[in-house]
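Everything numeric in this text was worked out from a predicted model, so none of it was measured. In what follows, chains carry the letters A, B, and so on, assigned in the order in which the sequence lines appear, proteins first and then strands, with residues in each chain numbered from 1.
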Number of protein chains: 2
Amino acid sequence: MNISQAAKASGLSPKTIRYYERIELIGPASRGTNGYRDYDDRDLDVLRFVQRARSTGFSVEECRQLLALYRNSGRHSSEVKELVAEKLVRVEHQISELLQMRDTLQELVEACPGNEQAQCAIIDSLADGRDH
Amino acid sequence: MNISQAAKASGLSPKTIRYYERIELIGPASRGTNGYRDYDDRDLDVLRFVQRARSTGFSVEECRQLLALYRNSGRHSSEVKELVAEKLVRVEHQISELLQMRDTLQELVEACPGNEQAQCAIIDSLADGRDH
DNA sequence: CATAAACCTTACACTTGCTGGAAGGTCAAC
DNA sequence: GTTGACCTTCCAGCAAGTGTAAGGTTTATG
C-alpha cells in the first residue's frame, strides 16, 4: 500500500506520515523496488493510533510515550493512566487560563463604546493597565 | 535608559524587546554613541502597551493592529471593539475545543484501571477508536 | 591601572507540528 | 509517447520567542 493510500486510511496526510518517520515517531517504512514506501496493516494500526492520539490532544512527544506503552505488552495500565491524568491536568490549566482571557476580553468589549469617537476604554486600558 | 532597564520597567525581556524591534512590531530604538539602545518614557509606554496586550492573549499580529490604533488618534472606537470582539470569538472557540478534549481525557482516565495489568482501556481506545 | 563582572551588540540555531514548494524519478492511462 | 498523478528528497517558513556564541563596553574592585 502506497503512502497516499495509507494516508487516506489513517486520516493523516502523506507529508505528515513522512514527517513522523523523519522524527522517528514511527519506524522507517519498508520500501518497494522503486523506492516507494510500502505500508501493511500493522503499519496502519500504528498510523491510526497516532492519528487518534494527536486528535485527542496529545503532543507528538506524548504520542511517543503512548506508542511505547502500546507496543510494550508488559506495561502496567497505571503508567498509562498516570500519563493521561497528567495531560488532563495540563489541559485543565490551559482551560482556566483561556477562561481568564475570555473574561478580560469580555470586560474590554463591554467597556468600549464602539462608536465614531477615538476615546476607547480598550486602548486606554492597554495603555495604562487600569480599568476604564 | 538601557535595554535591561526598559525590560524591567515593561515586564518584557531584553531578548523579547530586540525581537519585537527586529520584526518591526516596535520602531527601531535610538542609539547612544556606544551603539547601545536607548529608551525614553515614550518608548516605555509602547513597550508596556505591547506587554499588556500580549499577556491579555493577543498575538503579535493582533498587537500590531492594536498599536496602530493606539497611535492613530483619529481612530474610531468601533474599530477597536470589532478587533477585540473577533478575538473573543476565537478564544471562545478554543475554549470549547479544550473542553471537548478535557471530557475525552476524563473518560479515558476513568476507564483505565490503573493497576499492574497490561490491559488498559486508554490504549485500547487509541488502538481501535472505540470505547472500552 | 589592570582586570573581572556585568552589561551591550549581532547572528545563528532550536523549539512544535507540520505545510508548501522545488527538482526530479516512476507509473498508469490513453 | 506523452500527459498527469503519483513518488522521492531537501529546503524554507509559520509563532513567538529562547539559548548560545563571539565579540565590544562599561563599571566596580583590588
Which atoms of nucleotides 25-30 of chain C (N or O only) lie under 3.5 Å from a protein N or O atom, and what are those distances?
| from | atom 1 | to | atom 2 | distance (Å) |
| --- | --- | --- | --- | --- |
| dG25(C) | N2 | Y36(A) | OH | 2.8 |
| dT26(C) | O4' | Y36(A) | OH | 3.2 |
| dC27(C) | OP1 | N34(A) | ND2 | 3.2 |

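- Considering only heavy atoms from C-beta on, R102(A) stays 4.5 Å or farther from L98(A) through its side chain.
- Considering only heavy atoms from C-beta on, V84(B) comes within 4.5 Å of F58(B) through its side chain.
- Scanning residues 18-32 of chain A for heavy-atom distances under 4.0 Å to DNA chain C yields Y19(A), Y20(A).
- Taking every nucleotide of DNA chain D with any atom under 4.0 Å from a non-hydrogen atom of chain B, the first and last of them, 5' to 3', are dA16(D) to dT26(D).
- Near DNA chain C, meaning a heavy atom under 4.0 Å away, the residues from residues 53-60 of chain A are R54(A), S59(A), V60(A).
- R64(A) and E61(A) are joined by a salt bridge, as a carboxylate oxygen and a charged side-chain nitrogen come within less than 4.0 angstrom of each other.
- Applying the side-chain hydrogen bond (donor to acceptor under 3.5 Å, both in side chains) test to Q119(B) and every residue at least two apart in sequence or in another chain returns D124(B).
- The nearest whole Å value for the distance from the CE atom in M1(B) to the P atom in dC8(C) is 12 Å.
- Annotation: side chain of L69(B) is not in contact with side chain of C120(A) (no heavy-atom distance under 4.5 Å).
- Looking at heavy atoms from C-beta onward, Y20(B) lies in side-chain contact with V60(B) at the 4.5 angstrom threshold.
- We find the CD-CG distance between E62(B) and L67(B) to be 12.5 Å, quoted to the nearest 0.5 Å.
- Within the 3.5 Å criterion, the main-chain N or O of A127(A) finds no donor-acceptor partner in the side chain of R48(B).
- Annotation: the span from I122(A) atom CD1 to E110(A) atom CD amounts to 10.5 Å, rounded to 0.5 Å.
- Contact check of residues 6-17 of chain A against DNA chain C (heavy atom, cut-off under 4.0 Å) returns S13(A), K15(A), T16(A).
- Cluster annotation: L66(A) is not connected to V89(A) through the hydrophobic network of ILVMFWY side chains, with a link wherever side-chain heavy atoms come within less than 4.5 Å.
- For the pair K87(A)/T56(A), no side-chain contact is recorded, criterion being any heavy-atom separation below 4.5 Å from C-beta on.
- Note on M1(A) and Y36(A): separate hydrophobic clusters, where clusters join Ile, Leu, Val, Met, Phe, Trp and Tyr whose side-chain heavy atoms are under 4.5 Å apart, directly or indirectly.
- Between R31(A) and R37(A), some side-chain heavy-atom pair lies under the 4.5 Å cut-off.
- Under the 4.5 Å side-chain criterion, counting only non-hydrogen atoms from C-beta, L47(B) is in contact with Y39(B).
- Put simply, the side chain of S96(A) does not reach to within 4.5 Å of the side chain of E92(A), judged on heavy atoms.
- Atom CD of Q51(A) and atom P of dC18(C) are 10 Å apart (whole Å).
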